[in-house]
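Quick notes on the structure that follows.
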Amino acid sequence: MLDTRQGFPDNATVSSESCTAALVEDDSDLRTAIVEIVEEGGWVLTDVFPNAESALPSFEERVPDLILMDIQLPGMSGIELASKVRARHEEAAILMLTVYDDTDRVFNAIAAGASGYLLKRDVPTRLLESMKEVLTGGAPVSSDIALKMFEHFQKPPPDTAGGDKWNLTTREQEIIDALVKGDLYKEIADQLGISVPTVRFHLGNIYKKLHVRTRTEAVVKYLGK
């Protein structure tokens, strides 16, 4: 299986024909629609599940390159399933699909390991784009959710001692600040005059110091949620 966090450089063109995905969605009509979109986009859809309980055993041993997951499932929620999957497979890439746009659910999903958060009404127009974005190190979110997240953080920014709090080096501080602005790895590399692998190396150190596993978790924790 591809390591979705490191397998593709930021400037790579991801071929959906070489990528696999699974879907966990309880709404049968929406499930059918998503299957059609994903397959027409050239992805290999390995599994389709109506609930978390049926999906979890399949994900115990292996996961596809990307998991599409409803956040509000009957029984075990998508957030709980995401947490269980990421506990076993740290490299798992998960794109949450939901009708909810409140910040608490967004942050809970991020904490559980979600790589992106897409409102279901945006599925017809943004799903395939968001799937590819996840595999190139991005963290796609619907515009309404992005606005709510910005509003949440419209408060005094972290003080300049924020880096000291986590014992970040000057370079690590520069990189986390770029992540906060939403820059991609290649953009960060170009701005700092370093290579993308060097950016990834520093990100690995940042993740360890902040005790997180993804860039989105790092930003949320750094900003003091």
Side-chain angles (χ1 to χ4, degrees), residues 1-2 4-5 7-8 13-86 88-89 91-102 105-110 112-149 214 216:
M1 196 203 75
L2 295 172
T4 55
R5 292 177 300 170
F8 300 98
T13 300
V14 177
S15 172
S16 56
E17 295 179 358
S18 64
C19 299
T20 58
L23 171 64
V24 188
E25 169 60 58
D26 65 306
D27 184 303
S28 60
D29 290 338
L30 182 58
R31 192 165 62 237
T32 298
I34 292 174
V35 168
E36 291 179 356
I37 292 171
V38 171
E39 291 184 339
E40 288 177 1
W43 288 70
V44 177
L45 197 59
T46 59
D47 295 288
V48 179
F49 304 100
N51 53 57
E53 287 79 5
S54 61
L56 186 57
S58 177
F59 296 150
E60 286 290 327
E61 297 302 322
R62 64 178 179 81
V63 292
D65 298 318
L66 178 64
I67 301 172
L68 303 173
M69 189 181 300
D70 184 8
I71 198 171
Q72 189 65 33
L73 294 166
M76 184 190 303
S77 72
I79 290 176
E80 185 177 354
L81 176 59
S83 181
K84 289 180 180 294
V85 170
R86 287 298 299 271
R88 190 172 184 87
H89 304 282
E91 79 283 6
I94 299 170
L95 178 60
M96 286 293 192
L97 307 176
T98 180
V99 296
Y100 301 101
D101 63 357
D102 60 279
R105 288 181 188 272
V106 174
F107 289 123
N108 287 339
I110 291 171
S115 308
Y117 200 99
L118 190 66
L119 290 177
K120 289 183 178 179
R121 67 167 180 254
D122 293 332
V123 163
T125 57
R126 288 202 56 195
L127 180 59
L128 293 176
E129 171 192 352
S130 297
M131 291 171 69
K132 290 185 178 182
E133 189 174 344
V134 168
L135 294 193
T136 54
V141 295
S142 290
S143 57
D144 287 359
I145 295 174
L147 178 60
K148 286 181 178 292
M149 293 178 72
T214 69
T216 310

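The residues of the chain are indexed from 1 along the displayed sequence.
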Please name all residues satisfying side chain to side chain contact (heavy atoms under 4.5 Å, CB included) with [X], sequence neighbours left out, ordered by chain then number.
X      : result
Ala82  : Met69, Ile94, Met96, Ala112
Pro140 : Leu95, Arg126, Ser130, Glu133, Val134
Pro124 : none

>> Under the ring pair (Phe, Tyr, Trp, His ring centres under 6.0 Å) definition, can you give me all pairs with a residue in residues 18-42, not counting sequence neighbours?
In response: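 Not a single pair qualifies under ring pair (Phe, Tyr, Trp, His ring centres under 6.0 Å).
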For the atom pair [atom1] ([X]) and [atom2] ([Y]), what is the distance rounded to the nearest 0.5 Å?
X      : Y      : atom1 : atom2 : result
Leu118 : Glu129 : CG    : CD    : 9.0 Å
Thr98  : Leu119 : OG1   : CG    : 7.0 Å
Leu56  : Asn51  : CG    : CG    : 10.5 Å
Leu45  : Leu68  : CG    : CG    : 8.0 Å
Leu30  : Thr32  : CG    : OG1   : 8.5 Å

> By ring-ring contact (aromatic ring centres under 6.0 Å, His included), which residues pair with Phe49, not counting sequence neighbours?
Replying inline: Phe59
Using atom types as modelled and distance alone, determine if a side-chain donor or acceptor of [X] lies under 3.5 Å from a backbone N or O of [Y].
X     : Y     : value
Thr20 : Asp65 : yes
Ser83 : Ile79 : no
His89 : Glu60 : yes

Heavy atoms only: give me the nearest [X]-[Y] pair and the separation to one decimal.
X     : Y      : result
Val24 : Ala52  : CG1-N, 4.1 Å
Pro50 : Leu73  : O-CD2, 4.4 Å
Ala93 : Ser115 : CA-OG, 3.7 Å
Ala92 : Arg86  : O-CD, 3.3 Å

Heavy-atom side-chain proximity of [X] to [Y] below 4.5 angstrom:
X      : Y      : answer
Leu23  : Val38  : no
Tyr117 : Ile110 : no
Leu127 : Met131 : yes

> Quick one: salt bridge (charged side-chain N to carboxylate O under 4.0 Å, His left out) partners of Lys120, sequence neighbours excluded?
Replying inline: Glu25, Asp70
> Hey, mind stepping through Leu81 and Ile67 against side chain to side chain contact (heavy atoms under 4.5 Å, CB included) and telling me if it holds?
Replying inline: CA-CA 11 Å; Leu81 176 59; Ile67 301 172; over 6 Å; no
